[in-house]
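We number each residue from 1, following the sequence as shown.
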Amino acid sequence: TTLFRSENFADERTYTLSGIIVEAPDKRQMQTKLALRADTLTTSTGVVYRVSGRVLATNRSGWPDAGFGDEIRVYGALKKPGVIEDFSYDDYLSLRDIYAVMPKAQVTLLK
């Protein structure tokens with residue numbers, strides 16, 4: 001089976017990713033940022049790919065009860081991080097080996 005990098009799918013389309021939370025969740029006011037090491041990606045047509053790579057998923061519906069080491073599924077549009085005003089968000093995230101983001105993720109705790 002070919003292993004794809006999750007950022008290869010960062011084309012602003014909607015996907016479902018499953019994987020493990022690899023950093024402590026960053027809980028902020030009304031949102032939580034979760035660094036996910038993705039292992040599967042499912043397209044809207046149901047095609048499943050084995051993937052690798054980290055994705056930063058932002059859940060904006062409060063604070064999901066998920067923590068470091070938990071297995072989760074996230075659903076949303078997968079994008080490449082860019083520049084925010086004068087800040088190179090993409091360069092900043094690359095220091096954490098993150099090359100794709102899901103800004104409005106729906107999060108499901110698997111175990």
Q.
Taking the basic N atoms (NZ, or NE/NH1/NH2) and the acidic carboxylate oxygens, is any pair closer than 4.0 Å for E23 and R96?
A.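 Salt bridge flag = yes for R96 with E23.
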(Q) Taking D26 first and then R28, would you say they form a salt bridge - that is, a charged N and a carboxylate O separated by under 4.0 Å? (A)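 Between R28 and D26 there is a salt bridge, with a charged N closer than 4.0 Å to a carboxylate O.
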Q: Using the test ring-ring contact (aromatic ring centres under 6.0 Å, His included), find all partners of Y99 that sit at least two apart in sequence or belong to another chain.
A: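 Partners of Y99 under the ring-ring contact (aromatic ring centres under 6.0 Å, His included) test: none.
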Nearest-0.5 Å distance, [atom1] of residue [X] to [atom2] of residue [Y]:
X	Y	atom1	atom2	value
D90	L95	CG	CG	10.5 Å
R37	R54	CZ	CZ	8.5 Å
S52	R5	OG	CZ	4.5 Å

Q: Go through S6 and N8 one step at a time and tell me if the side-chain hydrogen bond (donor to acceptor under 3.5 Å, both in side chains) criterion holds.
A: CA-CA 5 Å; S6 51; N8 293 353; over 6 Å; no
Beyond-backbone contact of [X] with [Y], side-chain heavy atoms, under 4.5 angstrom:
X	Y	result
L109	V107	no
P81	I98	no
L41	L78	yes
L93	L56	yes
L36	I20	no
L34	P25	yes
T42	Y15	no

Q: Using a cut-off of 6.0 Å, state whether more than 12 heavy atoms not belonging to K80 lie near its atom NZ.
A: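 Enclosed.
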Q | Candidate list L17, I21, T108, test side chain to side chain contact (heavy atoms under 4.5 Å, CB included), partner I72, passing option | A |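 Going through L17, I21, T108 one by one, the side chain to side chain contact (heavy atoms under 4.5 Å, CB included) with I72 is satisfied by I21 alone.
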Q. Is F4 reachable from M102 through a run of I, L, V, M, F, W or Y residues, each pair having side-chain heavy atoms under 4.5 Å apart?
A.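 M102 clusters together with F4.
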Q. V101 and V74: same hydrophobic cluster, using ILVMFWY side-chain contacts below 4.5 Å?
A.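 No, separate clusters.
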Q) Are any side-chain N or O atoms of D91 and backbone N or O atoms of S88, one a donor and one an acceptor, separated by less than 3.5 Å? A)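 Judged by distance alone, no pair lies under 3.5 Å.
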Q) In terms of ring plane angle, is the pair Y89 and Y92 parallel, tilted or perpendicular, where the classes change at 30° and 60°? A)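 Answer is parallel, since the angle falls under 30°.
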Q. Taking the inter-plane angle between the rings of F9 and Y49 on a 0 to 90° scale, is it parallel (under 30°), tilted (30 to 60°) or perpendicular (over 60°)?
A.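 The arrangement is tilted - the two ring planes meet at 30° to 60°.
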Q: Assess the side chains of T58 and K33: does a donor N or O sit below 3.5 Å from an acceptor N or O?
A: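 There is such a pair between these side chains.
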